[in-house]
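Whatever order the structure lists ligands and atoms in, that order sets their numbers, starting from 1.
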Amino acid sequence: MKKVLVVGATGLIGRTVVDTLAQEHEVVRSSRNDGERADMSDPASVRALFEHVGPVDAVVSCAGAVPFKPLAELAAADYEAAVQEKVLGQVNLVTEGLAHVRDGGSFTLISGVLSREPIATGAAASLANGAVESFVMAAATELPRGIRINVVSPSVLAEAEAYHPFFPGYPQVPAAEVARAYVRSVAGVETGKTFNV
Ligand SMILES: NC(=O)c1ccc[n+]([C@@H]2O[C@H](COP(=O)([O-])OP(=O)(O)OC[C@H]3O[C@@H](n4cnc5c(N)ncnc54)[C@H](OP(=O)(O)O)[C@@H]3O)[C@@H](O)[C@H]2O)c1
């Protein structure tokens with residue numbers, strides 16, 4: 001049994017990831033408003049989170065908001081928000097969490113299909129998702145003590161009905177299938193991978 005910290009535990013993806021991982025592991029739930037409260041976009045908040053939770057075997061992220069707007073309406077502040085939340089927020093989990101992850105442990109981050117396929121209004125999301133995947137590819141080569149890192153990159157979720165009109169013809173992936181990719185990352189042996197689901 002591993003001790004797994006799940007950030008974004010109350011979200012659409014996070015809820016299913018928590019339920020799935022909790023079948024085999026001890027799960028510590030975190031978000032800004034529930035469980036072990038922390039804001040991953042704030043390094044000091046993430047530092048306090050890890051100091052309070054203590055050593056873990058795995059850190060799992062199911063969080064990272066990005067704005068969706070037509071390209072002509074996306075301003076510098078929107079791109080900054082996407083980077084601050086989804087990119088630097090998840091990078092904070094790695095930089096602040098590294099000292100608290102046990103030997104042979106893992107990080108699992110979240111990106112999304114927009115890193116590799118476009119939709120209208122999705123430029124900031126594509127930028128953030130691509131950055132997260134590139135970070136994981138590179139960070140995997142330098143993590144110490146046998147620690148692994150992967151990223152789960154889902155298509156639009158079957159349960160995210162409000163998003164479906166923005167993803168015409170896209171495969172819709174059930175949350176349970178996304179959760180299986182997290183299990184593969186947490187309990188498997190791979191590193192530096194983007195799991196497209
Ligand atoms: N839904 C989809 O179809 C889909 C598809 C592909 C990729 N994704 C990506 O998957 C991720 C999660 O999506 P979702 O639909 O599950 O989102 P969601 O339902 O909005 O849930 C987000 C979760 O993250 C937490 N959170 C948000 N900002 C946070 C922060 N700064 N620090 C700590 N926790 C934070 C939220 O709780 P609090 O508000 O309490 O903090 C909540 O638990 C996003 O990055 C999204 O882009 C989603």
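- Residue-to-ligand polar distances place D39 within reach of ligand 1: an N/O pair is separated by less than 3.5 Å.
- Side-chain atoms of S111 and N129 include no donor-acceptor pair closer than 3.5 Å.
- Taking every non-hydrogen atom of M40 and a distance limit under 4.0 Å, the qualifying atoms of ligand 1 come out as 30 (C), 31 (N), 32 (N), 33 (C).
- Judged by the shortest distance from any of its heavy atoms, I110 lies inside the 4.0 Å radius around the atoms of ligand 1.
- Judged by distance alone, the side chains of S31 and N33 never bring a donor and an acceptor atom under 3.5 Å apart.
- Among protein heavy atoms, atom 38 (P) of ligand 1 sits closest to N33 ND2, 3.6 Å.
- An N or O contact shorter than 3.5 Å is missing between V66 and ligand 1 by distance.
- Heavy-atom proximity to V156, at under 4.0 Å, picks out these atoms of ligand 1: 3 (O).
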Listing, residues 19-30 side-chain donor-acceptor contacts under 3.5 Å, not counting sequence neighbours, or none:
residue: T20; atom: OG1; partner: T16; partner atom: O; Å: 2.7
residue: H25; atom: ND1; partner: K2; partner atom: N; Å: 3.1
residue: S30; atom: OG; partner: E36; partner atom: O; Å: 2.6

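- Checked by atom type, the side-chain pair Q90/S61 shows a donor-acceptor distance below 3.5 Å.
- With a 4.0 Å cut-off on non-hydrogen atoms, C62 touches ligand 1 through its backbone and not its side chain.
- Looking from atom 47 (O) of ligand 1 to the surrounding protein, the closest heavy atom is K86 NZ, 2.8 Å.
- The S31 neighbourhood of ligand 1 comprises atoms 34 (N), 37 (O), 38 (P), 40 (O), 41 (O), 43 (O), with distances under 4.0 Å to a heavy atom of that residue.
- Separating the CD atom in E73 from the CG atom in D78 is a distance of 9.0 Å, to the nearest 0.5 Å.
- Between atom 2 (C) of ligand 1 and the options L157, V197, N129, the minimum heavy-atom separation is to L157.
- Considering both main-chain and side-chain atoms, G64 comes within under 3.5 Å of ligand 1 through a nitrogen or oxygen pair.
- Using a 4.0 Å threshold on non-hydrogen atoms, atom 17 (O) of ligand 1 does not count as touching the protein.
- Each of the atoms 28 (N), 30 (C), 31 (N) of ligand 1 lies under 4.0 Å from some heavy atom of E85.
- Between Y163 and F68, the ring-plane angle classifies as tilted under the 30° and 60° cut-offs.
- In this structure, the separation between CD1 on I13 and CD1 on I110 is 4.0 Å, given to the nearest 0.5 Å.
- For atom 7 (C) of ligand 1, the closest non-hydrogen atom on the protein side is S111 O, 3.4 Å.
- What sits closest to atom 27 (C) of ligand 1 on the protein, heavy atoms only, is R32 NH2, 3.3 Å.
- The closest protein non-hydrogen atom to atom 13 (O) of ligand 1 is I13 CD1, 4.0 Å.
- Summary of contacts: the protein heavy atom closest to atom 6 (C) of ligand 1 is P154 O, 3.4 Å.
- To the nearest 0.5 Å, atom CG of residue L74 and atom CG of residue L127 are 10.0 Å apart.
- Closer than 4.0 Å to atom 10 (O) of ligand 1 lies at least one heavy atom of the protein.
- Of the candidates G112, A158, A160, S155, S155 brings a heavy atom nearest to atom 5 (C) of ligand 1.
- Considering backbone and side-chain atoms alike, G8 places an N or O below 3.5 Å from some N or O of ligand 1.
- Nearest non-hydrogen protein atom to atom 26 (N) of ligand 1 is A63 CB, 3.7 Å.
- Salt-bridge formation is detected for the pair E190/R184: a Lys NZ or Arg NE/NH1/NH2 atom is positioned less than 4.0 Å from an Asp or Glu carboxylate oxygen.
- Here the options are D42, L93, V83, the test is side chain to side chain contact (heavy atoms under 4.5 Å, CB included), and the partner is L88; only V83 passes.
- By the neighbour-count criterion of 12 heavy atoms within 6.0 Å, atom NE2 of H52 is sparsely surrounded, having that number or fewer from other residues, nucleotides or ligands.
- The protein atom (non-hydrogen) at minimum distance from atom 42 (C) of ligand 1 is T10 OG1, 3.5 Å.
- For the atom pair E85 CD and E80 CD, the distance stands at 13.0 Å (nearest 0.5 Å).
- Using a 4.0 Å cutoff on heavy atoms, A38 counts as a contact of ligand 1.
- Atom CZ of F167 sits about 3.5 Å away from atom CD1 of I119, to the nearest 0.5 Å.
- For residues 114-127, the set of pairs meeting the side-chain hydrogen bond (donor to acceptor under 3.5 Å, both in side chains) definition, not counting sequence neighbours, comprises S115-E133, R116-S153, R116-N196.
- Which parts of ligand 1 touch A9 is read off a 4.0 Å heavy-atom cut-off, strictly below it: atoms 43 (O).
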